[in-house]
Amino acid sequence: MAVAFDATSNSGYQTAASYNWSHTCSGSNRILIVGVSMLSVVGSSVSSITYNGVALTKIRSDASVSGAVRTELWRLVNPATGANTVAVTLSAALDSISGAQSFTGVNQTSPIEVNAGASATNVGAADATVDLTTINDGEMVVDVVATNDTAITIGASQTQRWNVS
């Protein structure tokens with residue numbers, strides 16, 4: 001079974017320590033990926049994320065050198081089907097945006113093959129870039145971006161699922 005995109009949703013722009021929204025998962029061999037983009041206070045982070053009351057597992061986090069922006073990616077293998085609540089709790093009230101994407105046809109034992117991250121050092125610095133090599137054909141690459149700049153260029157081979165300013 002090949003990995004396939006299922007659904008996307010997002011929280012909209014938030015200034016709070018916790019918030020939630022609805023996301024609908026369907027299909028079989030599912031995974032839910034939640035990305036959080038924060039204009040952060042140095043040392044702040046995501047405390048927890050749940051879907052239908054079940055805790056997600058953190059994949060990774062990356063922050064700019066200055067600490068002005070931070071991203072985190074979290075996952076849940078075999079999330080419940082149907083419309084359920086994604087609940088995000090941050091370590092402090094921050095300006096943030098979260099988005100969820102679900103996929104089907106995902107290996108339920110080892111759903112994350114590789115992960116990497118990058119950050120630009122400051123405004124006007126070279127763009128942050130990441131190169132990933134997947135092991136198997138048909139693998140998906142999921143990313144999340146946080147910026148205090150307004151210009152983000154989507155690569156020709158990428159599909160933008162949500163964008164909130």
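For the residue pair Ser102 and Thr24, the shortest heavy atom distance occurs at OG-O, 3.9 Å. Heavy atoms only, all atoms of each residue included: Cys25 and Ala80 are closest at CB-O, 3.5 Å. Of all heavy-atom pairs between Gln108 and Asn29, the closest is NE2-C, 3.1 Å. The heavy-atom pair separating Ser98 from Val88 by the smallest distance is OG-CG2, 3.8 Å. Listed here is the closest heavy atom pair of Phe5 and Phe103: CA-CD2, 3.6 Å. Closest non-hydrogen pair, Ile31 versus Pro111, comes out as CD1-CB, 3.6 Å.
Every residue two or more places apart in sequence or in another chain that forms a side-chain hydrogen bond (donor to acceptor under 3.5 Å, both in side chains) with Ser26 is listed here: Asp6. Taking the side chain to side chain contact (heavy atoms under 4.5 Å, CB included) definition, one finds that Ala55 meets it with nothing, sequence neighbours left out.
Judged purely by atom type and a 3.5 angstrom limit, Asn107 uses its side chain to pair as donor or acceptor with the backbone of Thr109.
Separating the CG atom in Leu73 from the CD atom in Gln101 is a distance of 9.5 Å, to the nearest 0.5 Å. Atom CG of Asn20 and atom OG of Ser22 lie 9.0 Å apart (nearest 0.5 Å). Between Ile59 atom CD1 and Trp74 atom CH2 the span is 10.0 Å, to the nearest 0.5 Å. How far OG of Ser11 is from NE2 of His23: 13.0 Å, rounded to the nearest 0.5 Å. Rounding to the nearest 0.5 Å gives a distance of 4.0 Å between CD of Glu72 and NZ of Lys58. To the nearest 0.5 Å, atoms CD1 (Ile97) and CE (Met38) are separated by 11.5 Å.
Applying the side chain to side chain donor-acceptor pair (under 3.5 Å) definition to pairs two or more places apart or across chains, those involving residues 76-96 are Tyr13-Asp95, Thr15-Asp95, Tyr19-Ser96, Arg30-Asn78, Tyr51-Asn84.
You'll find the side chain of Leu76 stays beyond 4.5 Å of the side chain of Thr50, heavy atoms only. Two residues are said to be in side-chain contact when any heavy atoms from C-beta on lie closer than 4.5 Å; Ile49 and Val86 meet this criterion. In this structure the side chain of Ser44 never reaches within 4.5 angstrom of the side chain of Arg70, judged on heavy atoms.
A side chain to side chain contact (heavy atoms under 4.5 Å, CB included) with Thr71 is found for one member of Val46, Val36, Asp62 and no other, namely Asp62.
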